[in-house]
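Heads up: the structure comes next, in structure tokens.
Below, read A as the first sequence line, B as the second, and so on, with proteins coming before strands; counting in each chain starts at 1. Small disclaimer: the values here were computed from a predicted structure and weren't measured.
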Number of protein chains: 2
Amino acid sequence: MRLDRLDEQLLALLVADARRSYADLGARVGLTASAVKRRVDRLREGGAITGFTVTLDPAALGWTVEGYVELYCRSSTPPETIRAAVEQHAEVVDASTISGEADALLHILAADMRDFERVLERIGAEPFVARTKSVLVLSPLLRRGAGPRAV
Amino acid sequence: MRLDRLDEQLLALLVADARRSYADLGARVGLTASAVKRRVDRLREGGAITGFTVTLDPAALGWTVEGYVELYCRSSTPPETIRAAVEQHAEVVDASTISGEADALLHILAADMRDFERVLERIGAEPFVARTKSVLVLSPLLRRGAGPRAV
DNA sequence: CGTGAAATATAAATAGA
DNA sequence: TCTATTTATATTTCACG
């Protein structure tokens with residue numbers, strides 16, 4: 001899917017505030033509302049925009065502990081096995097298999113330290129997990145999501 | 001800020017699709033549109049909802065390489081110094097100071113391997129950076145954002 | 001919290017460059 | 001094929017009960 005400068009501008013505006021009206025978006029990029037709607041529809045059909053959502057403040061919701069967990073698995077654990085296991089825990093907000101010594105990296109948001117520890121224990125108890133190594137987030141520096149590169 | 005069950009339901013629905021109308025949300029939780037609007041306004045004022053945004057598909061936008069970078073800094077580097085430096089790079093989507101041996105962890109989305117390498121070099125060249133250690137994402141397993149725990 | 005009405009935004013069809 | 005205009009429909013918003 002090809003994106004021109006106007007598409008990139010629209011994406012940047014929508015990442016910043018997805019509630020802007022088509023008319024408002026159009027005024028900022030030099031298009032009419034319906035032209036903007038056509039482009040946004042096209043961006044959705046094309047898969048560039050995967051959805052509309054709200055961003056939440058973890059602290060305001062009671063998520064006070066954040067951390068990352070490296071998973072060291074027994075040989076030949078299929079990714080799907082890992083995915084199915086970590087999916088069980090709502091505290092896991094992000095998970096990927098990675099290169100290097102560890103097999104997977106999990107991003108965790110927990111209610112408190114006890115909650116974090118509980119998730120760690122439960123995941124560590126999975127038969128395919130040899131060991132885990134975790135770090136706690138001290139302070140968030142940047143939280144940009146997967147927005148488009150500055151245009 | 002206190003949230004009742006209805007607030008949590010509304011948050012879960014909005015995380016899944018922030019474009020639902022107040023009337024639709026109301027029908028799902030048993031409220032009228034205006035009651036829903038009042039609650040959503042309150043959730044915004046209270047800071048639980050920090051914004052409305054679109055989710056993008058990195059691959060569809062040409063971001064093909066994802067990775068994590070640990071930063072080892074020279075002693076007594078203030079977090080703000082790290083933040084200011086990593087903010088310069090649009091490829092950094094997430095950054096936090098962490099416990100453990102490394103001082104900070106960066107989450108990177110790059111156009112390609114050359115782009116990833118370039119960011120790594122530039123950040124590694126910062127005077128406060130002693131060394132970096134990076135891993136590449138092989139395959140994403142879960143991508144849940146900071147949604148509310150399943151209700 | 002619910003109702004109802006005015007202001008606003010969206011969506012679909014049509015026409016023009 | 002892309003954009004602009006029009007018109008019907010739906011949503012948001014707000015004062016009041």
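- Atom CZ of A:Arg38 is separated from atom P of D:dT5 by 15 Å (rounded to the nearest Å).
- Figure legend: A:Arg131 and A:Tyr72 shown as a cation-pi pair, the cationic atom lying under 6.0 angstrom from the six-membered ring centre and within 45 degrees of its axis.
- For the residue pair B:Thr97 / A:Ser139, a side-chain donor-acceptor distance below 3.5 Å is found, with atom types taken as modelled.
- Note that the CZ atom of A:Arg28 and the CG atom of A:Leu10 stand 11.5 Å from one another [nearest 0.5 Å].
- Residue-level contact check: B:Arg39 touches the backbone only, with heavy atoms under 4.0 Å from sugar-phosphate atoms and none from bases.
- Ring orientation note: the planes of A:Tyr68 and A:His107 are close to parallel, at an angle under 30° on the 30°/60° scale.
- Distance CG/B:Leu141 to CG/A:Leu71: 9.5 Å, rounded to 0.5 Å.
- Distance B:Leu14 CG to D:dT12 C1': 15 Å, rounded to the nearest Å.
- The residue among A:Lys37 and B:Ala33 whose nearest nucleotide of DNA chain C lies closer to the 5′ end is B:Ala33.
- The CG atom of A:Leu6 sits 13 Å away from the P atom of D:dC2 (whole-angstrom rounding).
- Contacts of B:Ser21 with the nucleic acid, taken as non-hydrogen atoms under 4.0 Å apart, involve only primed sugar atoms and P, OP1 or OP2.
- Toward the 5' end of DNA chain C, the nearer of the two residues B:Ala35 and B:Arg19, judged by each one's closest nucleotide, is B:Ala35.
- Using a cutoff of 4.0 Å between basic side-chain nitrogens and carboxylate oxygens, A:Arg118 and A:Glu91 are scored as salt-bridged.
- A donor-acceptor contact under 3.5 Å is formed by the side chain of A:Ser34 with the base of D:dT5.
- Whole-Å rounding puts the B:Asp24 CG to D:dT12 C1' distance at 14 Å.
- Counting 5' to 3', DNA chain C first comes under 4.0 angstrom of a heavy atom of chain B and last does so at the ends given by C:dC1 to C:dT3.
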